[in-house]
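Some notes on the structure that comes next.
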Amino acid sequence: MTISHIEHLGIAVKNLEESIRYYEDVLGLKCYAVEEVKDQRVKTAFFMVGQTKIELLESTDPEGPVGKFIEKKGEGIHHLAFAVDGVANSLAEVESKGIQLIDKAPRKGAEGLNIAFLHPKSTFGVLTEFCEKP
Ligand code: CMX
């Protein structure tokens with residue numbers, strides 16, 4: 001597998017509208033899309049920073065992955081997403097090296113990307129995502 005760049009950083013927030021104002025009014029970035037990802041139980045907002053995105057994540061369900069994360073750890077960096085040259089082959093490669101997968105196969109994420117997550121217990125505490133454009 002080859003990682004070309006950091007595709008995005010996922011940041012868990014309690015309130016999307018308030019946090020968008022910080023990224024726009026204080027940091028001068030531009031929110032270019034807001035999207036609900038129903039099966040992940042989140043609403044997301046995207047900002048481009050060079051070739052990397054910031055993805056703000058507000059939970060739509062306290063029992064969803066971001067809802068549980070905020071309850072346990074509070075707001076902050078939630079996951080790190082790498083752009084890879086093929087999610088399926090990258091999953092197979094890291095699994096063969098003993099890494100625990102959350103997703104055994106690619107699925108659809110925000111912006112129509114093919115995505116999959118690795119478990120933070122086997123990646124030194126960082127929830128890690130692989131992404132590729134379909
Ligand atoms: N980063 C690091 N550690 C995390 C974590 C995160 N984002 N989320 C949970 N954990 C840790 C918890 O702290 C906990 O650790 P301890 O056992 O030491 O207390 C452990 O993982 C289990 O946490 P949990 O609250 O019991 O949650 P679950 O096991 O039910 O789920 C996880 C954890 C990572 C498997 C689940 O959040 C998941 O499947 N995540 C992938 C999907 C996702 O995060 N989607 C949201 C983003 C979607 C998008 O980008 O579009």
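All residue numbers in this chain count up from 1 along the given sequence. Just follow the structure's listing: the first ligand is 1, and inside any ligand the first atom is 1.
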Note to self: Can a donor-acceptor pair be found, under 3.5 Å and without considering hydrogens, that links the side chain of Thr52 to the backbone of Ile6?
What the structure shows: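 Looks like yes, one N/O pair under 3.5 Å.
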For [atom], closest protein heavy-atom neighbour:
atom                    : value
atom 33 (C) of ligand 1 : His119 NE2, 4.8 Å
atom 4 (C) of ligand 1  : Pro120 CG, 3.7 Å
atom 36 (C) of ligand 1 : Pro65 CB, 4.2 Å
atom 5 (C) of ligand 1  : Phe69 CD1, 3.8 Å
atom 47 (C) of ligand 1 : His79 CE1, 3.9 Å

Return yes when at least one protein heavy atom is under 4.0 Å from [atom], and no when none is.
atom                    : result
atom 29 (O) of ligand 1 : no
atom 2 (C) of ligand 1  : yes
atom 14 (C) of ligand 1 : yes

For [X], is the nearest heavy atom under 4.0 Å from an atom of ligand 1?
X      : result
Arg41  : no
Ile102 : yes
Gly125 : yes

Item checked: side chain to side chain donor-acceptor pair (under 3.5 Å) between His79 and Glu55, intermediate numbers included -> CA-CA 10 Å; His79 66 267; Glu55 179 188 34; 3.3 Å; yes
Check: Out of Arg107, Glu129, Lys72, whose heavy atom is nearest to atom 12 (C) of ligand 1?
Finding: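 Looking at heavy atoms only, Lys72 sits closest to atom 12 (C) of ligand 1.
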Check: Which is closest to atom 49 (C) of ligand 1 in terms of heavy atoms, Glu71, Lys108, Glu55?
Finding: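 It is Glu55 whose heavy atom sits nearest to atom 49 (C) of ligand 1.
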Note to self: With a heavy-atom distance limit of 4.0 Å, tell me whether Gln40 approaches ligand 1 through its side chain, its backbone, both, or neither.
What the structure shows: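 Looking at Gln40 and ligand 1, just side chain atoms fall under 4.0 Å.
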Next item on the list: Decide whether an N or O pair under 3.5 Å exists between Lys121 and ligand 1.
Entry: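 N/O-N/O distance under 3.5 Å: yes.
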Checklist line | Candidate pair Glu63 and Arg41, rule salt bridge (Lys or Arg N to Asp or Glu O under 4.0 Å), full reasoning | finding: CA-CA 9 Å; Glu63 290 306 312; Arg41 291 172 281 173; over 6 Å; no
Next item on the list: Tell me, with the steps shown, if Met1 and Phe130 meet side chain to side chain contact (heavy atoms under 4.5 Å, CB included).
Entry: CA-CA 11 Å; Met1 63 177 283; Phe130 290 158; 3.6 Å; yes
